Amino acid sequence: MDSSAVNFNVTVDDFDSVLSYPDQSVWTTPDPSSSDYLPENSPWLLGTFHKSDTVNASINFNFTGPALYIYGFSGPEYGSYEVLLDSSSVTASAYSSSNGSTPHLLYGTSNLTYGEHEITLRNLGAISSNGDGGGNSLLFDFLRFTVQLAPAGASVSNTTIQENDSSLSYTGTWGSNTSGNFSGGGSSYTNDDNASVSFPFNGSAIYVFGDKKNDHGLYSVVLDNGTEQIFDGVSGCGGAFGQTCEQQQPTLAYFTSNLAEGEHSLSITNLAGVNQSYFDLDSIVLTIPSSYAPRTLTNSSDSSGSSSGNSTSGSGSGSSPNSTNAALMTQPISLVFTHSFILLILGIWLLNRR
């Protein structure tokens with residue numbers, strides 16, 4: 001990683017749609033739309049987590065950057081897990097005789113090649129040879145990965161585009177919600193199949209924010225007329241299709257970085273299907289540097305770096321999760337991007353909709 005460049009840590013919460021859960025039904029999580037949901041009193045990021053005692057329950061995430069850290073929890077009910085990063089596998093344990101600290105670093109890796117990577121976190125359950133005490137659970141809270149947004153010496157600013165900005169082009173049927181609780185006072189939503197929103201932009205990175213609910217579903221994103229990417233906006237609670245389990249905090253519907261100078265285009269299409277599922281757009285955040293220097297991406301098969309996570313086997317080297325966690329929190333970076341930090345800077349306060 002180029003420590004002299006403008007490096008940002010991007011935080012992805014367990015409810016964010018940029019994560020993929022092959023089977024939501026094997027995970028449990030607090031219901032963020034319930035009356036007793038109080039995220040400000042919760043030890044978990046935005047008050048939610050995903051927990052499973054099902055062996056082989058997994059989470060997938062694709063990212064571009066040189067470092068990534070995964071956070072969860074440790075204690076008597078937790079067992080072993082596998083982290084598969086590209087072609088490298090590490091097995092570790094979250095078991096502890098007493099409940100550990102929050103957040104607990106499950107895995108960390110740094111100095112990866114600057115390229116596209118794929119990581120999978122998979123529950124292995126209790127493995128006695130790893131020292132597990134009988135618990136089969138795995139808890140995932142959030143992950144954090146590092147991106148470079150500008151070369152050394154550049155300045156970086158953020159611009160927010162609201163859902164009613166004239167640069168956005170809508171097709172199909174869209175409705176609008178108006179409330180002081182939304183960024184800019186409103187949001188747009190659709191349950192029309194193939195309804196889309198597209199827009200041109202300039203910047204080295206782009207964030208798209210919406211919300212998640214059990215009446216949401218698949219949507220596609222196309223950047224610069226490239227390959228279509230499919231994401232799932234259904235609520236992290238899983239369950240039957242319906243107006244339940246809404247995440248009232250902003251969720252990350254799309255993110256990309258390492259963009260070159262010049263105009264780009266982004267198109268988002270709702271894949272409503274037979275359920276007529278919804279997609280919601282609240283705001284778009286652009287990161288605009290004073291100068292550009294996109295990295296040449298290296299094939300992930302050439303990945304190298306250091307990793308940690310209480311390793312018991314595999315290619316990772318064991319080290320103290322707490323010390324690595326402390327290093328992450330105190331490393332010299334230009335900005336640390338969490339959802340709450342973006343809210344404070346940009347005034348994005350999402351509470352209730354429909």
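Since the structure is predicted, the reported quantities are computational estimates derived from the model, not experimental observations.
- In this structure, the side chain of K212 engages the main chain of D232 through a donor-acceptor pair within 3.5 Å.
- Neither side chain, N123 nor S52, offers a donor N or O lying under 3.5 Å from an acceptor on the other.
- Remark: the backbone N or O of W44 is not paired with any side-chain donor or acceptor of D141 at under 3.5 angstrom.
- Under the 3.5 Å distance criterion, the side-chain polar atoms of D165 are matched with a main-chain donor or acceptor of S167.
- Here L143 contributes atom CG and L19 contributes atom CG; the two are 5.5 Å apart, rounded to the nearest 0.5 Å.
- For the residue pair S93/D132, the side-chain donor-acceptor check at 3.5 Å is satisfied.
- For E82 and S89, the side-chain atoms include at least one donor-acceptor pair closer than 3.5 Å.
- Once rounded to the nearest 0.5 Å, the distance linking CG of N56 with OG1 of T54 reads 9.5 Å.
- Among all heavy-atom pairs drawn from Q148 and N7, the shortest one is CB-OD1, 3.8 Å.
- Between the side chain of N202 and the main chain of E263, a donor-acceptor pair closer than 3.5 Å is present.
- The nearest pair of heavy atoms linking N99 to G75 is OD1-CA, 3.7 Å.
- H216 and D280 share a side-chain donor-acceptor pair at under 3.5 Å.
- Within the 4.5 Å cutoff, the side chain of F15 has heavy atoms near those of the C237 side chain.
- A perpendicular orientation is assigned to the rings of F231 and Y254, their planes being inclined by more than 60° (bins at 30° and 60°).
- The distance from the OG atom of S58 to the OH atom of Y81 is 15.5 Å, given to the nearest 0.5 Å.
- A side-chain N or O of T48 and one of D14 form a donor-acceptor pair less than 3.5 Å apart.
- Formation of a donor-acceptor pair under 3.5 Å by the D23 side chain with backbone atoms of S25 is found in this model.
- A donor-acceptor contact under 3.5 angstrom links the side chains of D36 and S34, judged on distance only.
- A side-chain donor from one of N9 and T146 sits under 3.5 Å from a side-chain acceptor of the other.
- Of the possible polar contacts, one joining the N258 side chain to the R295 backbone as a donor-acceptor pair under 3.5 Å is found.
- Partners of S42 according to the side chain to side chain donor-acceptor pair (under 3.5 Å) rule, which considers only residues two or more places apart in sequence or in another chain, do not exist here.
- Aromatic pair H50/F140: centroids not less than 6.0 angstrom apart.
- Side-chain N/O atoms of D192 and T190 include no donor and acceptor closer than 3.5 Å.
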